[in-house]
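Here the structure is laid out as structure tokens; the discussion comes afterwards.
Just so it is clear, the values below take in all heavy atoms, side chains as well, and ignore hydrogens, waters and symmetry mates.
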Amino acid sequence: MKLALEQLGVGPCYHMYEVFKNPAAPGYWEAAADGEAPDWERVFEGYGSTVDWPSATFYETLANAYPDAKVILTERDPVAWWTSTQATIFNWDTAGERIPDPFRRMLDKVIGALFDHRIHDRDHVIDVFKRHNARVREVIAPERLLVYEVADGWAPLCAFLGAPAPDGPMPNVNTTEEFQARLSQPRTES
């Protein structure tokens with residue numbers, strides 16, 4: 001979705017990748033998880049959109065902070081989604097030294113807390129996922145919300161954003177295999 005939004009001119013798009021590129025970013029998200037009012041303008045400086053975590057945890061706060069923004073709820077099969085989380089983002093608690101402490105703390109506070117720190121409890125995680133999606137539909141005004149499956153391709157996304165459909169298929173990156181390959185690469189200090 002990040003690459004699709006950028007291809008449609010709604011970028012750069014903020015994603016967990018950006019958190020790992022900015023040493024100050026985990027602190028912004030931890031503060032928000034602790035109930036502090038973030039300076040969203042500073043967090044998203046230079047970005048035109050945001051997807052995935054950590055933003056997804058704060059969708060309601062962000063929708064209120066950006067009242068003209070459109071909201072896209074991407075849906076997928078809950079079991080397939082859970083399986084993917086276990087091999088990727090929910091694997092931080094077993095990733096050892098590969099994820100530095102500031103990022104590990106942020107992940108625990110922003111994502112772990114959302115799932116009551118039961119990120120490996122399949123039924124619980126899937127239930128939270130379903131309740132989250134239902135809550136987004138309740139909270140976000142229908143004219144601001146697109147409930148979208150990436151498999152539906154460009155047409156509904158472009159119609160919602162008022163953008164022409166690009167040639168070619170939707171981008172397909174950040175697979176489980178790509179995520180695990182990135183995680184297994186040696187960390188470099190900057």
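- Using a 4.5 Å cut-off between side-chain heavy atoms of Ile, Leu, Val, Met, Phe, Trp and Tyr, with links allowed through other members, L146 and M170 fall into the same hydrophobic cluster.
- Going from atom CD1 of I126 over to atom OG1 of T83 covers 7.0 Å, rounded to the nearest 0.5 Å.
- Taking E149 as the reference, nothing meets the salt bridge (Lys or Arg N to Asp or Glu O under 4.0 Å) condition, with sequence neighbours excluded.
- Side-chain contact check for M1 versus L157: some heavy-atom pair is nearer than 4.5 Å.
- Residues F103 and V43 share a single hydrophobic cluster, defined by chaining ILVMFWY side chains whose heavy atoms lie under 4.5 Å apart.
- Interatomic distance, N133 CG to R76 CZ, rounded to the nearest 0.5 Å: 11.5 Å.
- Under the 4.5 Å side-chain criterion, counting only non-hydrogen atoms from C-beta, W154 is in contact with L8.
- H117 pairs by the side-chain hydrogen bond (donor to acceptor under 3.5 Å, both in side chains) definition with D108, not counting sequence neighbours.
- Distance check: L5 CG to S49 OG gives 4.5 Å after rounding to the nearest 0.5 Å.
- In this structure, H124 has no ring pair (Phe, Tyr, Trp, His ring centres under 6.0 Å) partners at least two apart in sequence or on a different chain.
- Interatomic distance, CD1 of I72 versus CG of L161, reported as 5.0 Å (0.5 Å rounding).
- T85 meets the side-chain hydrogen bond (donor to acceptor under 3.5 Å, both in side chains) test with no other residue; sequence neighbours excluded.
- Between A4 and P171, the shortest heavy-atom contact is N-CG, 3.8 Å.
- Cluster annotation: F44 and M106 are assigned to the same hydrophobic cluster (Ile/Leu/Val/Met/Phe/Trp/Tyr, side-chain heavy-atom contacts under 4.5 Å, transitive).
- In this structure, V136 and V147 have side chains that are not in contact, with every pair of non-hydrogen atoms separated by 4.5 Å or more.
- Remark: W53 engages T57 in a side-chain hydrogen bond (donor to acceptor under 3.5 Å, both in side chains) (not counting sequence neighbours).
- D152 is linked by a side-chain hydrogen bond (donor to acceptor under 3.5 Å, both in side chains) to nothing, counting only residues two or more places apart in sequence or in another chain.
- Contact annotation: the side chain of H15 approaches that of D52 to within less than 4.5 Å [non-hydrogen atoms, C-beta and beyond].
- Between W82 and F129, every side-chain heavy-atom pair lies at or beyond the 4.5 Å cut-off.
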Under 3.5 Å donor-acceptor pairs involving side-chain atoms of residues 26-35, not counting sequence neighbours:
unit_1	atom_1	unit_2	atom_2	d
W29	NE1	Y14	OH	3.0
D34	OD1	K109	NZ	3.0
D34	OD2	K109	NZ	2.9

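- The shortest non-hydrogen separation linking G153 to Y148 is O-OH, 2.6 Å.
- Taken from CE in M16 to OG1 in T88, the straight-line distance is 10.0 Å, to the nearest 0.5 Å.
- Pairs passing the salt bridge (Lys or Arg N to Asp or Glu O under 4.0 Å) check and including a residue from residues 2-25, sequence neighbours excluded, read K2-E6, K2-E18, E18-K21.
- For the pair A165 and C158, the tightest heavy-atom approach, listed with the atom from each and the gap, is CA-SG, 3.5 Å.
- Residues that satisfy the salt bridge (Lys or Arg N to Asp or Glu O under 4.0 Å) test with D39, not counting sequence neighbours, are absent from this structure.
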Review item, side-chain donor-acceptor pairs of residues 61-70, under 3.5 Å, at least two apart:
unit_1	atom_1	unit_2	atom_2	d
N64	ND2	E60	O	3.3
Y66	OH	E41	OE2	3.3
K70	NZ	F160	O	2.5

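- For R131, the salt bridge (Lys or Arg N to Asp or Glu O under 4.0 Å) partners two or more places apart in sequence, or in a different chain, are D127.
- Here the closest heavy-atom approach between residue R137 and residue L145 is recorded as CA-CD2, 3.9 Å.
- Put simply, the side chain of P38 does not reach to within 4.5 Å of the side chain of F58, judged on heavy atoms.
- A continuous path of Ile, Leu, Val, Met, Phe, Trp and Tyr side chains, each step under 4.5 Å between heavy atoms, connects V71 with V139, placing both in one hydrophobic cluster.
- In this structure a side-chain-to-backbone donor-acceptor pair under 3.5 Å is missing from S84 to A80.
- In terms of the salt bridge (Lys or Arg N to Asp or Glu O under 4.0 Å) criterion, E45 has no residue partners (sequence neighbours excluded).
- Of all non-hydrogen atoms in L114 and V128, the two that sit nearest each other are O-CG1, 3.7 Å.
- Across all non-hydrogen atoms, the minimal contact from F90 to V125 is CE2-CG1, 3.9 Å.
- Hydrophobic clustering, with ILVMFWY side chains joined whenever heavy atoms are under 4.5 angstrom apart, groups V150 together with V51.
- Within the 4.5 Å cutoff, no side-chain heavy atoms of D121 are placed close to those of D116.
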